[in-house]
Visitor: 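Before anything else, here's the structure in question.
In what follows, chains are A, B, ... by sequence order, proteins preceding strands, each numbered from 1. Worth knowing before you read on, the calculation uses all heavy atoms, side chains too, and leaves out hydrogens, waters and symmetry mates.
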There are 2 protein chains.
Amino acid sequence: MTKCGLDLLLSLLERLFFFRLYLLYNHWLPQVLLYIFIILDLSLALFEEPAVIPLPSWATMLVELLCLLVFTLRLVHYARVIPQDKFWKDPKNICIIAIVALTLIDMIIYGALKASSYQAIRWTRVLRPLLLVNVTEGRQLRRAFRSIRNALPQIIYVFLLFLFSLLIFSLMALKLVGKRDLKTTGGAPYFSSYVDIIFDLYVLVTTANSPDVMMPAYNASSWFALFFIIYILINTYIFMSVFLAVVYNNYKKYLKEEIRQLVRAKRHKMVRAFAVLQERRKDTEEQVVSQANWNQLVRLVQPDIRNAHRELLWSVLDPQNQGCIGKVAFVQLADLLNIEVITLKSRPHPLRFIFPTLYLSVPSRLICRLVRHRTFVMVYDLIILVNAIFIGLDEDNPLIADSEWMFLSLYLLEILLKLYVFEPRAFFSRHNLWNWFDTIIVFSALIATVVNSAVKSFGLYGSHQILDIVLILRVLRLVRVVDSVQRFRTIINAMIRVGPAILTFGQLILVVYYIFAMVGMELFKGKIKYFGEGSDDPTKLFCGNVLLNGTSFAQLNYCKNNFNDILSSFILLVELTVVNQWHVLSSGFTFVTHVSARIFFVVFHIIVVIIIINIFVAFVLEAFFMEYSVEKSDLHTSVERKIEELQLSVAQEKLEDNLVNAMDSTEGNCDTAEDKPVLMFKIASKRYRTVDTLLQRMFEADLNLDDLAENDRIEADSSGNFANPAFGSV
Amino acid sequence: MTKCGLDLLLSLLERLFFFRLYLLYNHWLPQVLLYIFIILDLSLALFEEPAVIPLPSWATMLVELLCLLVFTLRLVHYARVIPQDKFWKDPKNICIIAIVALTLIDMIIYGALKASSYQAIRWTRVLRPLLLVNVTEGRQLRRAFRSIRNALPQIIYVFLLFLFSLLIFSLMALKLVGKRDLKTTGGAPYFSSYVDIIFDLYVLVTTANSPDVMMPAYNASSWFALFFIIYILINTYIFMSVFLAVVYNNYKKYLKEEIRQLVRAKRHKMVRAFAVLQERRKDTEEQVVSQANWNQLVRLVQPDIRNAHRELLWSVLDPQNQGCIGKVAFVQLADLLNIEVITLKSRPHPLRFIFPTLYLSVPSRLICRLVRHRTFVMVYDLIILVNAIFIGLDEDNPLIADSEWMFLSLYLLEILLKLYVFEPRAFFSRHNLWNWFDTIIVFSALIATVVNSAVKSFGLYGSHQILDIVLILRVLRLVRVVDSVQRFRTIINAMIRVGPAILTFGQLILVVYYIFAMVGMELFKGKIKYFGEGSDDPTKLFCGNVLLNGTSFAQLNYCKNNFNDILSSFILLVELTVVNQWHVLSSGFTFVTHVSARIFFVVFHIIVVIIIINIFVAFVLEAFFMEYSVEKSDLHTSVERKIEELQLSVAQEKLEDNLVNAMDSTEGNCDTAEDKPVLMFKIASKRYRTVDTLLQRMFEADLNLDDLAENDRIEADSSGNFANPAFGSV
C-alpha cells in the first residue's frame, strides 16, 4: 500500500506540475512576450539592408537568433502541455519548426557567402510574418487564411471567366483600333500590341486609367465610347460585384462551418467537465453539479468576476433554486460567461465622506444640478463650435493664440466639474469610452501646449513635432461634439464594435504586405531614388535613373514611392491597394527593370484588392447587417429577465448607446438618495468579449439546431485540441 | 319587368364595353406604343439646341406636342378603367398631369420669348424622364425610387457623420500642412485654403487623386503619409463600406415590405375571384371552383398555355382528382402560373417524314451519332481556338484573310449538321439561348463578310463600319467556347438571370443621367470645344477656351468630354460614374465657369456613385446569394413531384444549366426510339418570368407566415388598385 500511496503521490505531483505548466502556458505574460519578440523579429527589416537605419548584419542576425530561441522555447513548452500525437499532427507546429529551421539554414548560408564576399539574399525574411499566423494565439488569423484558401476554387473559376472576357475584349480592341495608327496623348502608339492592350484593359477594370485609355479611340470616333462603356459595365461593375458576392458567400460559408465546429468542441468539453464534477442527487437520482462545485469552477475560470454577478448567473441556471443544476444548464456556462454584464456599484462620492457638510451644502448641490442639466452639455457643444472657428482662423494673431489657453481651461474645468459631481471610479469605468477619450485628449493637449510654450520661450523654434501634436490634439477635441447626436452615436458604436474584426484584418494585411515588401525590396531596391526637396542633384528630375526621364512617373514626382526601405515599401503598397494611378506606379518600376515586373503588381492587385479587400468589405457588411437586425439569444433574454425580476435593472434609456453620460443619475452623487440597491446590472447586449463570440452570434441562427443531439455523443469527440487534465477528481 | 330587363341589358352592355376597354388598356400594343412615344420624347434632346443633329425648334415642339397628346390619351384611357377616386388619389397620375401641363406652359413661354428674340430655356426637359417612372408600366422603377426615398434618412445620417469626419480631417490638414508653403507638382500652393482642402480630401475618398494629393506632404515628411493612410482607412474603406451596408440593408428592408404588400394584394384579388367563381359542392357543402370554370379562367388569363401544361397544373391543385378545388388551392393559381415549366414536345425530325429511307439510312445514322458525340464538341472547341489565333495574326496576309472563309463555312456546317440531327423547333426553342446566339452570330458574320467583300471588290474602301462589324462578330464567335466548361456555364447563367433586375437599374440610371445631362448642357454647353483630329484651329490645344490653357484637362486631351450635346454628355457622365479622374474633368468645367460648378459634380457623385451604384451592387449581391442558397418553394416541389409521378420528367442532368445541348438526346432525332411520351416537362427552377417573381422568391422566407391569416380578411382589403368587374356572375 505504501508503494501504491507513493505512486499516487508522484502521479498527483506530476499532475500538479502539468497543471502549473498549462496555466503558465496560458498566462498573459508569456503570450505578450511572444508577441513582443515576433514584433521585434518583424521590425528587423528596418535595420537590415536595404535599411531605414542601417545596422551591421551581425547585430541583426544576433537579434534574430534570440527571437528564434524564444519561438523554439515557446514551442517546446507547448509540446509539453499537449499530447505528443496531437502536437505532431498540427500543421501550425510543423510550420513554426520549418520556419525556424529554414531561417537558421539561410543565416548560415548568408553568413558564409558574405564572408567570402559573394552576393547573398536573406530569402527567409518573407517567412517571418507567417509566425504571426502559426503561433497558438493567431487563431483568428489562421481562420481567415483558411477561409480564403477554401474559397479559392470558386474565386478562381470566376477569375478565369473574367480573364476570358478580358482576352476577348482585348482581341476586339486590337482588331478595331490596332490598324488605325492612333497615338496616345504622349505620342506613343495606341493599342497596337495585344499584350499591352490586355494590360491596359486590366488596368481599366481597376478604373485607374479610366478616361485616358479611352480618349484616343473616342477622339477618332464616338462609337468607340460604346465599346468602352460595355467593357466597363461587364468587367468593372458586374464582374467586380460577382467577385464580392463569391468572396463574401464563400467566406461566410466556411467561417460558419468553422464556428459550428468550434461551438461543438466547446460543448463537448463542457460535457466532459460535467462528467468530472457531477454527483448523484439523492431524491431524483439525477446527475447534477452542486452550487459549491460550480462556484469553485467559475472562480477558477474567471477569477475577477464579482460575487453578485456569479450569483446572478447561478440564479439564471437554477431558477427553482434547487442548489444544483443538470447537464443542459451546466453546458450553458461558457456562453453565459460571454454575455457581458455591466455591474454598476452604486457608491456615494468620496468627497461626501471627506467633507460631508461642504459636499451636501446648498451651493455644492446647485453645482451638481447645473452640471447634470441638459444645458451644460449644450453650452459645451457651443464652446466646441466656437473653438473650431478659432482653430480655423489665423493663429499668428496673438488674440487667437491666447484664446487657446482659455479653451484649454474651459475643457479642464468641465472634467473637474464632472469628477466633482460623478463618482470617479464610475466616471472612468471600462465602458465610458468617451470620458477616457476626453480626459486623455485634454490632458495631452495641456501637457503638449505647456511644453510647446516652454520650448518657444527658450527661443528654440526647431520643434515642429510638438507643435504638430498640439494641433492634432486641438482638432481631435472637436470630435466629441458627435456624441451629442443620438443617431451619430449609434453609427459610431456600430463601427467601434466592428473594431476587433478589423484588427484581425490588420494582421492579415500586415502579413501580405510584409511578404510583398520583402520581394519588392529584393527586386527593385535602389533602382528609383529620392533626393529630397533641398537636393540639387542633376538626376533629381528623373529619380536618379535615366530610364525614367520624361515618364509620367517622374513627371508626377513619384520618386519617393520606391522599395528602398521597408517603410517606403509599405506606403507604396498602401497606394497600390488604393489602386488609383497604380499603372503609373507599376510602369515606373517596369521602366527601370523589365516589362515582366508588371506581374508583381498584377499579382498584388489580385490578392489584395480582389480577395482581401473584398473580404474586409464583406465582413463590415455582415457585422452591420447584424447590428441592424440583432435579435437577442435565448440566454441573453433569460439573463435579462432575471435581472428584471430581481429589480436590479438600470433604466434602459440611461445607458443605451450613451457612453459619456452613462452613469449620470444612477451613481451615488451629491443628489442621490440612499434607498437604491447597492449593485445594479445591465447587459451590454450588443458588445462581445471576443471575436469568437461575435462570430458565434453572427451565425447563431444556424447553430442552435444540432446542439442538443450533439450533447450525448461525448465519447466520440476528438476535435478538441487540448486534453484537459482531470484535476477535479484529484 | 321590361324596363328592368332593358336596364339589365344596358348594364350588361356597359360592363362588356368596360371589360373591352380594360382588356385594350392591358393589351401589349398600346403599351409598346406608349414606350415608343416616351423614347421619341426623350430622344428629342438629340435634335434640340444644343443638338447632335440640329432641327428647327418648331419641328421638335410639334413632335413633343404629339407625344404629350399620346400621354394624355393614355391617361384618359386609364381614368376610364379605374374608379375616379382611386385615379385622383394615385400620385403617379397627378405627376403625369403636372408634367404635361408644365411642358405645355413651358412651350408657350419659350415660343413667346423666342418670337420676341429673348433668351429662353426649355426647362421642362428635365421632367421628361419622369414619364418613364410614372406610367402604369413603370412599376419596378417606381419601386426602386420609393426604396431609395425610404432609405434616405438613414443614408443622410451616415453621410453627415462622414462629412463631419471630412471637415475634421481637413482642419487637421490645414493646421499641419497649411503653414509649410508646400507646392504641388504644378507649382500651385498646396493645402493652403480650407475649402480647397475639403474638396481635395473629398476627391481622395473616391481615390481619384490618390497618391498625387499626398505626394507634396509625403515628400516634405514621411510622417504625413500616416495622416493620409488613416484618412483613407476611415473615410474610403470604412465609411464607403458602411454606405454600402446602409444602402443595401434599407433597400432590402423596404423592398421586402413592398413585395409583402404586393403578395397580399395579389392573394386578396385571388380570393375575390374565387368568390365570383365559386359554387356549392353537393356532397360536402363546401365552396369550390369546378375544373371547367378554372380551365376557362386559365385560358382567359394565359391564352398561350398548352393544354397539357394546364392539366398538369390542375392535377397539382387537385391531387385526389375530385373535379373541383377549394379556396386555398385556388389562391395558388397565380404563383403556379409563375413557375416556368418547360414543355418539351418530343417530335420526330421533319426530314424523317419527308425522306424516311434516306434519313434512317446507315450513313445518316452515323452522322447523327457523330454529331451527338462528345468529340464533336471538342473538335469545334479546338477549331474556335485555332480561329482565335488566326484572328490575332496579321490579317493583311492573304492566307489568313482567306482562312476566314474556311472558318465561316466550318461554323455554318456545324449549324446545318445540328439542324439535321436535332428537331429544328426544339433547337430554336426559347430556352436554347446559346443556339440562338450561335446562329445569329454566324449568319450575321456571313452576311457582313459577303457585303464587305462585295464592297471591297467594287473598290469602295470607305466603309469602316462594315469591317468593324465583321471583326466584332468574328471575335464574338469565340465566346461560345465558355459553354463547354460546366462551372463557367453556371456563373454565366447566374449573370443572365440577374439581367431583368439590371434592366430596371438601366432605366433608373437613364432617368438620373438624363436629368443631369439636361442641367449640365444648360450650364456648360459650348464652353469647351472639340475640334477633331484634323483641325488646325490655333485654340485646339486648350479646347477653344483660353481659360483652359495649361490645365491638366487640356493636357490630357479631354476636350471631347463636354456637355455640347446629349451624347457627349452621357459619355461624360459615364466617365464621372467610373469616378477616376473626375476631379480633372470637373476642374475643367470649373475653370471655364466658376468654382461653384464643383457642386454639380459632387452632387452627381453622391447620387450616382454613393447611392445608385451601391444599390446596383447590393442587388447583384443579393441575387447571387440567392443563386447560391436557393431552396425550392413548396409549390415548386409539388409541381415537380407531380411531374415525377406522371413519369413525364426529363432527366435532370440533361437539362440542368446546359443551354446549348439541352435537347440533345431527348428530342426525336434520327436515333430516338418511338416509345417515349409525346410531351415532357421540366421546371426551369431557377428562372423567373418576371422581376416580381424573382423579388418574391428573394424574400419568400419572410412572406409565407402571415398569408393564411390574411386569406379570411377579404372584405377589409382596399389595397388593390383595380376593382375587377364581376363578369363571372353576369
Side-chain angles (χ1 to χ4, degrees), chain A residues 157-158 161 164 168 171-172 175-176 185 194 207-212 215 218-220 222 225 229 232 236-238 241-242 244-245 248-249 388 391-392 468 471-472 475 478-479 482 487-488 491 495 533 556-558 560-561 567 571 574-575 578-581 585 616-617 620-621 624-625 628, chain B residues 157-158 161 164 168 171-172 175-176 185 194 207-212 215 218-220 222 225 229 232 236-238 241-242 244-245 248-249 388 391-392 468 471-472 475 478-479 482 487-488 491 495 533 556-558 560-561 567 571 574-575 578-581 585 616-617 620-621 624-625 628:
Chain A
Y157 272 103
V158 179
L161 197 59
F164 179 76
I168 287 284
L171 192 57
M172 227 181 267
K175 291 281 118 181
L176 289 180
T185 317
Y194 189 52
T207 78
N209 58 356
S210 161
D212 305 279
M215 287 321 288
Y218 180 41
N219 284 337
S222 294
I229 289 172
I232 287 172
T236 307
Y237 287 110
I238 297 183
S241 302
V242 173
L244 179 57
Y248 187 5
N249 193 59
I391 292 173
D468 283 352
L471 290 169
I472 290 171
V475 176
L478 307 180
V479 171
V482 289
R487 300 289 283 266
F488 288 170
I491 301 167
M495 284 182 181
E533 298 289 297
L556 287 167
N557 210 355
Y558 284 173
K560 205 174 177 182
N561 297 320
L567 290 184
I571 292 172
V574 171
E575 289 172 14
V578 177
V579 168
N580 198 59
Q581 296 285 41
L585 292 167
F616 175 81
V617 173
V620 173
L621 285 184
F624 257 79
F625 294 160
Y628 280 120
Chain B
Y157 273 101
V158 179
L161 197 59
F164 178 76
I168 288 284
L171 191 58
M172 226 180 266
K175 290 282 115 183
L176 289 180
T185 317
Y194 189 52
T207 77
N209 58 356
S210 160
D212 305 279
M215 287 321 288
Y218 180 40
N219 283 337
S222 293
I229 290 173
I232 286 172
T236 306
Y237 287 108
I238 297 183
S241 300
V242 172
L244 179 58
Y248 187 5
N249 193 60
I391 292 174
D468 283 352
L471 291 169
I472 290 172
V475 176
L478 307 180
V479 171
V482 289
R487 300 289 283 266
F488 288 171
I491 301 168
M495 283 183 180
E533 297 290 296
L556 288 166
N557 210 355
Y558 284 173
K560 206 173 176 181
N561 297 322
L567 290 183
I571 292 171
V574 172
E575 289 172 12
V578 177
V579 168
N580 197 58
Q581 297 285 42
L585 291 166
F616 175 82
V617 174
V620 173
L621 285 184
F624 258 80
F625 294 161
Y628 281 120

Visitor: Side chain, backbone, both or neither: which part of A:F164 has a heavy atom under 4.5 Å from chain B?
Guide: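 For A:F164, the side chain is the part near chain B, not the backbone.
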Visitor: Work out which heavy atom in B:L585 is nearest to a heavy atom in A:P211; give both atom names and the distance.
Guide: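 Closest approach of B:L585 to A:P211, heavy atoms only: CD1-CG, 4.4 Å.
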Visitor: Given a strict heavy-atom distance threshold of 4.5 Å, which part of A:T207 is in contact with chain B: side chain, backbone, both, or neither?
Guide: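 Interface part for A:T207: both.
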Visitor: Side-chain contact, heavy-atom cut-off 4.5 Å: B:V620 with A:I238?
Guide: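 No, their side chains stay 4.5 Å or more apart.
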Visitor: If I compare all heavy atoms of A:V617 with all of B:S241, which pair ends up nearest, and what's the gap?
Guide: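 Smallest interatomic distance, heavy atoms only, reads CG2-OG, 3.7 Å.
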Visitor: Side chain, backbone, both or neither: which part of A:F616 has an atom under 4.5 Å from a heavy atom of chain B?
Guide: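 Side chain of A:F616 only, per the 4.5 Å heavy-atom cut-off to chain B.
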Visitor: Select one option (side chain, backbone, both, neither) describing which atoms of B:M215 are under 4.5 Å from chain A's heavy atoms.
Guide: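 Just its side chain gets close to chain A.
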Visitor: Looking at B:K175 and A:V475, would you say the former's side chain and the latter's main chain have a donor-acceptor pair under 3.5 Å?
Guide: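 No, B:K175 side chain to A:V475 backbone: no donor-acceptor pair under 3.5 Å.
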Visitor: Could you report the tightest heavy-atom contact between B:R487 and A:Y157, atom names first, then the distance?
Guide: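 Result for this residue pair: CB-CD2, 3.4 Å.
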Visitor: With chain A as the partner, which of B:A208, B:A220, B:G392 has the greatest number of non-hydrogen pairs under 4.5 Å?
Guide: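 Winner by heavy-atom pair count: B:A208.
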Visitor: Highest number of heavy-atom pairs under 4.5 Å with chain A: which of B:V482, B:V574, B:L621, B:T236?
Guide: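 Looking at each of B:V482, B:V574, B:L621, B:T236 in turn, B:L621 comes out on top.
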Visitor: Taking all atoms of both residues into account, what is the closest heavy-atom pair of B:A388 and A:L171, and its distance?
Guide: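 Distance-wise, the nearest heavy atoms are O-CD2, 4.3 Å.
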Visitor: For the candidates A:Q581, A:M172, A:M495, which exhibits the highest count of non-hydrogen atom pairs separated by less than 4.5 Å from chain B?
Guide: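 Top count of heavy-atom pairs under 4.5 Å with chain B: A:M172.
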Visitor: Give, as side chain, backbone, both or neither, the part of A:V578 having an atom under 4.5 angstrom from any heavy atom of chain B.
Guide: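 It is both, since atoms from each part get that close.
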Visitor: If you round to the nearest 0.5 Å, how far is CD1 of A:I472 from CD1 of B:I168?
Guide: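 These two atoms lie 12.5 Å from each other.
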Visitor: Quick one: closest heavy-atom pair of B:S222 and A:I571, and the distance?
Guide: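 Scanning both residues completely, I find the closest heavy atoms to be O-CD1, 4.4 Å.
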Visitor: Using non-hydrogen atoms and a 4.5 Å limit, figure out which bit of A:I232 sits close to chain B: side chain, backbone, both or neither.
Guide: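 The answer is the side chain of A:I232.
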Visitor: To the nearest 0.5 Å, what is the distance between CG (B:N557) and OH (A:Y218)?
Guide: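 Between B:N557 CG and A:Y218 OH, I get 12.0 Å after rounding to 0.5 Å.
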Visitor: Considering all heavy atoms of both residues, which atom of A:N580 and which atom of B:N209 are nearest to each other, and what is their separation?
Guide: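 Shortest heavy-atom contact: ND2-N, 3.8 Å.
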Visitor: Hey, which of A:L161, A:L244, A:N219, A:L176 has the most heavy atom pairs under 4.5 Å with chain B?
Guide: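 Most pairs with chain B among the choices: A:N219.
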Visitor: Considering only heavy atoms, which portion of B:V579 lies under 4.5 Å from any heavy atom of chain A: side chain, backbone, both, or neither?
Guide: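 Nothing of B:V579, per the 4.5 Å heavy-atom cut-off to chain A.
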Visitor: Compare all side-chain heavy atoms of A:Y558 with those of B:D212 and state whether any distance is below 4.5 angstrom.
Guide: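 Yes, at least one pair of side-chain atoms sits under 4.5 Å.
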